[in-house]
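Computed over heavy atoms, backbone and side chain alike; hydrogens, waters and symmetry mates excluded. Order of appearance sets the numbers: ligands from 1, and atoms from 1 within every ligand. The shown structure was predicted, so the numbers you read here are calculated from the model rather than taken from an experiment.
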Amino acid sequence: MPHPPPRPIEIAARGSLRGRVAVPGDKSISHRALMLAGLAVGESRIEGLLEGEDVLATAAAMRAMGATVEGADDGTWRVWGVGIGGLLQPAQALDMGNSGTSTRLLAGLVASHPITATFTGDASLSKRPMARVIEPLSLMGADITASPGGRLPMMVRGLCPAVPIEYTLPVASAQVKSAILLAGLNTPGVTRVIEPVTTRDHSERMLAGFGAAVTVEASNRGRIVSITGEAELKPQHIVVPGDPSSAAFWAVAGSIVPGSEVTIANVGLNPTRAGLFEALRMMGADIAEVDPRSVGGEPVADLVVRHAPLRAIEAPPDLAPSMIDEYPVLFVAAAFATGRTVARGAHELRVKESDRIAAMAAALGACGVAVEEFEDGLAITGTGGEPIPGGATIASLLDHRIAMAMAVAGLHARAPITIDDATPVATSYPGFFATLDGLTECA
Ligand code: S3P
């Protein structure tokens with residue numbers, strides 16, 4: 001997938017945001033739905049799948065390994081799986097584009113199948129560390145050759161039968177946990193992951209929903225997730241809730257732009273994902289949850305966000321795993337709060353689609369915000385609700401969340417903010433700018 005040419009976009013303040021938006025399907029859940037449906041025997045249907053580039057990379061990879069994956073105009077995807085153990089040797093390298101989740105989870109699937117797959121990716125993904133999955137998957141018997149520094153391109157030669165392991169996660173990573181559990185699906189015996197810090201639990205929930213033998217227990221070593229391999233997965237009808245990581249941009253935009261009132265429909269509020277809303281409420285944000293319900297086994301509600309004065313907080317490090325993708329936009333909220341917000345304990349931000357600590361320090365600094373950079377986070381002194389100066393061009397660094405967070409900042413800036421390249425937004429939220437126009441057109 002060659003990158004499209006960079007598309008700069010200028011975002012100027014345009015008054016309040018008002019209206020109702022529906023965010024696209026959850027990216028994490030969409031990846032998992034395609035993978036598990038691709039391993040079930042029979043036809044699964046998926047409603048609300050995120051049709052962003054990252055998820056489409058997973059769909060293409062599952063097709064390349066034998067699953068039948070069809071989109072449809074009515075938005076319902078149909079998948080006919082190959083059965084556990086049935087993945088086929090892909091004819092070509094699997095192009096993962098920008099998607100770390102596709103790469104790490106699919107590496108887990110390949111690791112316990114008798115196939116070999118080569119994973120490639122774009123310039124951003126090719127800088128990201130893969131050692132974190134190489135180590136446990138190698139312990140299970142996979143033979144993995146990565147590029148220097150444990151990067152892509154990476155060749156995974158699976159072992160079948162693989163060896164079950166018990167593995168304690170050295171980094172809080174749902175991708176690593178999921179890679180091991182997915183490898184465990186086609187491994188005889190019990191594969192066990194111990195996570196000292198709880199991370200998003202979509203894999204466990206969905207594996208259980210497909211009929212896999214999964215158990216979760218609390219222990220003094222952390223949360224223990226065990227999977228007994230070689231059970232058959234039963235096809236499912238999955239409804240994917242809206243992505244809280246996409247809703248986050250409207251929650252912050254509605255909070256910082258005076259006069260705003262935004263309803264965000266159908267937001268997934270799994271407690272392992274909803275940390276940003278808690279942090280914003282600590283800052284004084286006015287976010288109401290309406291019509292709480294369950295969608296596809298996940299808690300969901302509509303959120304009504306009204307402009308409110310924000311005050312600085314010390315962001316609790318223990319919220320980090322449940323808002324790890326939301327720090328860029330949390331930093332933007334902090335830029336408009338009264339006082340100095342300190343958000344630390346988020347070292348993992350250094351190895352996301354970009355180094356998000358450095359990227360946001362540079363972007364906010366260029367827009368006239370007082371920022372102090374730490375190894376594991378930022379301190380930001382806010383304007384007390386006034387617009388930030390803006391007037392800069394910022395580098396999005398092939399990182400969708402940097403582009404969207406800085407677009408939100410531009411909505412309350414004295415001079416427009418130019419994002420050097422808006423194309424990465426298509427990885428997780430293709431309709432982002434159209435939705436923004438819709439929310440501001442009556443202003
Ligand atoms: C994800 C886990 C997180 C997150 C990523 C999606 C997942 O990554 O940042 O966007 O779907 O499992 P880590 O596992 O590296 O924390």
Side-chain angles (χ1 to χ4, degrees), residues 24-36 49-50 52-55 57-58 96-109 121 124-125 127-137 150-151 167 169-183 193 195-207 223 225 240-241 243-249 268 270 272-276 298 317 319-330 345-357 359 376 398-402 404-405 424-425 427-429:
D26 188 285
K27 184 153 75 72
S28 292
I29 296 176
S30 295
H31 285 297
R32 289 155 171 83
L34 286 172
M35 291 180 201
L36 295 188
L49 188 86
L50 168 64
E53 288 169 1
D54 280 12
V55 174
T58 290
M96 302 283 93
N98 190 252
S99 180
T101 309
S102 309
T103 309
R104 296 192 178 118
L105 271 58
L106 289 168
L109 282 187
S124 153
L125 184 58
K127 288 187 206 143
R128 299 183 66 187
M130 294 298 147
R132 54 184 60 197
V133 286
I134 294 173
E135 183 186 282
L137 298 177
R151 318 276 148 169
Y167 191 76
L169 294 183
V171 276
S173 167
Q175 292 178 354
V176 178
K177 168 176 66 177
S178 302
I180 299 166
L181 294 175
L182 291 175
V193 183
E195 51 175 9
V197 177
T198 301
T199 65
R200 65 190 69 192
D201 63 354
H202 306 301
S203 294
E204 299 88 300
R205 287 178 188 240
M206 200 179 287
L207 279 163
R223 208 167 151 268
V225 187
V240 181
D243 198 326
S245 299
S246 297
F249 299 106
N270 179 315
T272 64
R273 294 289 300 285
L276 175 80
E298 298 270 347
L319 278 186
S322 63
M323 60 173 185
I324 195 67
D325 291 335
E326 285 64 77
Y327 276 90
V329 82
L330 175 70
H347 197 272
E348 275 292 298
L349 298 180
R350 297 264 180 211
V351 290
K352 295 296 179 186
E353 287 81 332
S354 67
D355 173 342
R356 288 181 172 161
I357 296 175
D376 60 349
L398 295 180
D399 188 334
H400 53 140
R401 299 200 200 281
I402 301 298
M404 290 186 276
V425 164
T427 61
S428 69
Y429 200 162

(request) Verify, without hydrogens or angle tests, whether S102 (side chain) and D54 (backbone) share a donor-acceptor contact under 3.5 angstrom. (result) yes
(message) Pairing donors with acceptors under 3.5 angstrom, does anything connect the side chains of R32 and S203?
(response) yes
(message) Under 4.0 Å, counting heavy atoms only: does H31 come that close to any atom of ligand 1?
(response) no
(message) Please list the nearest protein heavy atom to atom 11 (O) of ligand 1 with its residue and the distance rounded to 0.1 Å.
(response) S28 OG, 2.7 Å
(request) Measure the distance from atom 4 (C) of ligand 1 to every protein heavy atom, then report the residue, atom name and distance (to 0.1 Å) of the closest one. (result) D325 OD2, 3.3 Å
(message) Taking a cutoff of less than 4.0 Å between a non-hydrogen atom of the residue and any ligand atom, is R32 in contact with ligand 1?
(response) yes
(message) Going by salt bridge (charged side-chain N to carboxylate O under 4.0 Å, His left out), name the residues that satisfy it together with E353, two or more places apart in sequence or in a different chain.
(response) R128, R356
(message) One thing to verify: whether R273 and E326 come together as a salt bridge, which I'm taking to mean a side-chain N less than 4.0 angstrom from a carboxylate O.
(response) no
(message) Quick test of your reading of the structure: of E348, R273, K352, whose heavy atom lies closest to atom 3 (C) of ligand 1?
(response) K352
(request) Would you mind checking if K27 and D243 are paired as a salt bridge, meaning a charged N to carboxylate O distance below 4.0 Å? (result) no
(message) Below 3.5 Å, N or O to N or O, backbone or side chain included: is there any such pair between R401 and ligand 1?
(response) no
(message) Tell me whether K177 contacts the main-chain N or O of A172 through its side chain, where contact means a donor paired with an acceptor under 3.5 Å.
(response) no
(message) Under a 3.5 Å distance rule, please check whether T427 uses its side chain to pair with a backbone N or O of P424 as donor and acceptor.
(response) yes
(request) Considering heavy atoms of the protein only, find what lies nearest to atom 6 (C) of ligand 1 and give residue, atom and distance to 0.1 Å. (result) T101 OG1, 3.4 Å
(request) Check whether any side-chain N or O of S173 sits under 3.5 Å from a backbone N or O of L169 as a donor-acceptor pair, and report yes or no. (result) no
(message) Show the atoms of ligand 1 that are less than 4.0 angstrom away from any heavy atom in I324.
(response) 9 (O)
(message) Quick check on contacts: which atoms of ligand 1 are under 4.0 angstrom from a heavy atom of A174?
(response) 12 (O), 14 (O)
(message) At less than 4.0 angstrom from any non-hydrogen atom of S173, what atoms of ligand 1 do you find?
(response) 13 (P), 14 (O), 15 (O), 16 (O)
(message) Regarding ligand 1, does Q175 bring an N or O atom to under 3.5 Å of one of the ligand's N or O atoms?
(response) yes
